[in-house]
J.: 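The structure that follows is given in the form of structure tokens.
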Amino acid sequence: MDPIPFIVVAGSTWLLCLSFGPLYLDLFDIPWTRGLLICVLLAIIISTLAYRRFIWTVDPAVRDSLSAGIRFHRLCLGGIIFGAVLILLALIAAVMIA
């Protein structure tokens with residue numbers, strides 16, 4: 001079991017949710033306290049799912065059976081999806097501001 005992927009996913013989730021979430025939700029006229037509560041709940045849910053995926057139900061034999069190429073491909077795909085979501089959120093925010 002390797003806790004590093006869980007720490008990265010959970011830490012990134014909390015960082016993004018609490019850094020940008022309340023400001024982004026403020027664009028949709030959601031009060032700060034409610035926006036902060038929504039972001040904390042979202043971060044808790046995602047952290048729980050990451051814990052289940054990377055710690056609770058991990059099977060070390062699966063990691064050994066996947067080649068480095070497949071793991072790198074998944075990492076690149078995740079980065080592309082993450083970047084696309086950030087761009088989509090930025091476009092929605094730009095439309096809301098204008």
Side-chain angles (χ1 to χ4, degrees):
M1 173 178 65
D2 185 14
I4 300 301
F6 166 72
I7 293 170
V8 169
V9 170
S12 299
T13 298
W14 283 93
L15 176 75
L16 289 174
C17 283
L18 295 179
S19 296
F20 298 109
L23 292 171
Y24 188 77
L25 292 175
D26 188 42
L27 291 174
F28 295 100
D29 295 326
I30 296 174
W32 275 87
T33 54
R34 185 173 288 166
L36 188 62
L37 179 64
I38 291 169
C39 292
V40 167
L41 289 174
L42 180 66
I44 289 171
I45 290 169
I46 293 175
S47 296
T48 303
L49 292 173
Y51 181 82
R52 184 179 184 280
R53 165 70 173 93
F54 293 115
I55 304 293
W56 190 264
T57 61
V58 71
D59 184 11
V62 172
R63 183 172 185 227
D64 293 336
S65 67
L66 293 176
S67 68
I70 293 173
R71 287 186 281 165
F72 182 71
H73 177 55
R74 287 183 180 177
L75 180 67
C76 290
L77 187 60
I80 290 170
I81 291 170
F82 180 74
V85 167
L86 285 180
I87 290 171
L88 179 66
L89 290 174
L91 290 174
I92 292 171
V95 168
M96 292 297 295
I97 291 173

J.: Could you check whether any side-chain N or O of Thr13 sits under 3.5 Å from a backbone N or O of Ala43, counting only pairs where one atom can act as donor and the other as acceptor?
T.: no
J.: Set out, in order, the CA-CA distance, both residues' side-chain angles and the distance that settles side-chain contact (heavy atoms from CB on, under 4.5 Å) for Trp14 and Ile44, then state yes or no.
T.: CA-CA 8 Å; Trp14 283 93; Ile44 289 171; 3.7 Å; yes
J.: Over all heavy atoms of both residues, which pair between Ala93 and Leu27 is shortest? Give the atoms and the distance, please.
T.: CB-CD1, 3.6 Å
J.: Step by step, would you call Leu86 with Phe20 a side-chain contact (heavy atoms from CB on, under 4.5 Å)?
T.: CA-CA 11 Å; Leu86 285 180; Phe20 298 109; 5.9 Å; no
J.: According to ring-ring contact (aromatic ring centres under 6.0 Å, His included), who are the partners of Phe72, at least two apart in sequence or on a separate chain?
T.: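 Partners of Phe72 by the ring-ring contact (aromatic ring centres under 6.0 Å, His included) criterion come out as none, since no residue qualifies.
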J.: To check you understand the geometry: which heavy-atom pair defines the closest contact between Ala50 and Val9, and what is its length?
T.: CB-CG1, 3.7 Å
J.: Taking all non-hydrogen atoms of both residues, which atom of Ile30 and which atom of Gly35 are closest, and how far apart?
T.: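 Ile30 and Gly35 have their closest heavy atoms at CG2-N, 3.8 Å.
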J.: Would you give the length of the straight line joining atom CG of Leu88 to atom CD1 of Ile81, rounded to the nearest 0.5 angstrom?
T.: 13.0 Å
J.: With rounding to the nearest 0.5 Å, note down the distance linking CG in Leu42 to CG in Leu18.
T.: 9.5 Å
J.: Among all residues two or more places apart in sequence or in another chain, which pass the ring-ring contact (aromatic ring centres under 6.0 Å, His included) test with Tyr51?
T.: Phe6
J.: Is Ile92 reachable from Val95 through a run of hydrophobic residues whose side-chain heavy atoms are each under 4.5 Å from the next?
T.: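 Hydrophobic grouping puts Val95 apart from Ile92.
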J.: Mind listing the closest non-hydrogen atom pair of Tyr24 and Leu89 along with its distance?
T.: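 Closest pair (atom of Tyr24, atom of Leu89, distance): CE1-O, 3.3 Å.
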J.: Identify whether Ile46 and Val85 are in the same connected component of the hydrophobic contact network (ILVMFWY, side-chain heavy atoms under 4.5 Å).
T.: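 No, it is not one cluster - the side chains of Ile46 and Val85 are not joined through contacts under 4.5 Å.
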J.: Quick one: does Val8's side chain get under 4.5 Å of Phe54's, heavy atoms only?
T.: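 They are not in side-chain contact.
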J.: Rounded to the nearest 0.5 Å, what separation is found between the CG atom of Leu41 and the CD1 atom of Ile45?
T.: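 Interatomic distance, Leu41 CG to Ile45 CD1, rounded to 0.5 Å: 6.0 Å.
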